Amino acid sequence: EVQLVESGGGLFQPGGSLRLSCAASGFTFSNYWMDWVRQAPGKGLVWVSRINSDGSGVNYADSVKGRFTISRDNAKNTLYLQMNSLRADDTAVYYCARDPSGTNTFDPWGQGTLVTVSS
Amino acid sequence: DIQMTQSPSSLSASVGDGVTITCRASQSISNFLNWYQQKPGKAPKLLIYDASSLQSGVPSRFSGSGSGTDFTLTISSLQPEDFATYYCQRSHSSLGTFGQGTKVEIK
């Protein structure tokens, strides 16, 4: 069974940093593009970042460019999102998602991890 | 950047009703359009990709159509488990832009 499990969320201060992880299982992780998508409380889905299968290519939404870094460790079957210079509007549930075709088509998604940025 | 606009933002319908949700792109995106379903407290689920291709395991009462700038998601006969929020999303792009969502509620 394909499974994605996010971790690393919690309560963080504005200006702080954290790293989210997404542990993958049930498929050959190193063959797939992976993405992060976030959802602020009561709001819609917002794409955040994507990384290609070997980690050599990345893209970011303008809202996080320069502050967030996506990476992956194919030996550990794990996707990461390093989040720096946190702002209150980064508060959201963060989902990792597999992109089977490298076309920004997400299937499946993890269950999400909540990041709250507040003093 | 290309913007994705859904309408309506919410609708009320009864079990057995047919429902249509519209998604409009600010520029042509060919057939590069996905639809997702999200239930409260759950992760989104892929329903339709490439505008009209049904994802494996998704009931056939769901269908998608359109190309260029105008797209529709149709649920032919609403079932109790279909009450959820639906999102369109532009694919085949470096930016995976979503529409704002359409909430389908029980009348």
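We use all heavy atoms of the structure for the numbers below, so side chains are in, but hydrogens, waters and symmetry mates are not. Numbered from 1 within each chain, the chains take letters A, B, ... in sequence-line order. Just so we're clear, the structure is a prediction, and the values are computed from it rather than from any experiment.
In the hydrophobic cluster analysis, where Ile, Leu, Val, Met, Phe, Trp and Tyr join through side-chain heavy atoms closer than 4.5 angstrom, A:Val64 is grouped apart from A:Val46. Grouping the Ile, Leu, Val, Met, Phe, Trp and Tyr side chains by contacts below 4.5 angstrom, directly or via other members, places A:Val37 apart from A:Tyr32. In the hydrophobic cluster analysis, where Ile, Leu, Val, Met, Phe, Trp and Tyr join through side-chain heavy atoms closer than 4.5 angstrom, A:Leu18 is grouped apart from A:Leu114. A:Leu20 and A:Val5 fall into different hydrophobic clusters, where Ile, Leu, Val, Met, Phe, Trp and Tyr side chains are chained together by heavy-atom contacts under 4.5 Å. Note: the hydrophobic cluster containing B:Met4 does not contain A:Trp47 (ILVMFWY, side chain heavy atoms under 4.5 Å, direct or indirect links).
The contact list for residues 46-72 of chain B toward chain A, using heavy atoms and a distance under 4.5 Å, reads B:Leu46, B:Tyr49, B:Gln55 by residue number. For a heavy-atom cut-off of 4.5 Å, chain A lies close to B:Tyr87, B:Gln89 in residues 82-89 of chain B. Residues of residues 68-100 of chain A having a heavy atom under 4.5 Å from any heavy atom of chain B, listed by number: A:Tyr95. Using non-hydrogen atoms only and a strict 4.5 Å limit, the part of residues 22-44 of chain B facing chain A consists of B:Asn34, B:Tyr36, B:Gln38, B:Lys42, B:Ala43, B:Pro44.
At a 4.5 Å heavy-atom cutoff, the contact between A:Asn104 and chain B is made by backbone and side-chain atoms alike. Using a 4.5 Å cut-off between heavy atoms, A:Val48 makes no contact with chain B at all.
Taking OG of B:Ser91 as the reference point, atom CZ of A:Phe106 lies at 9.0 Å (rounded to 0.5 Å).
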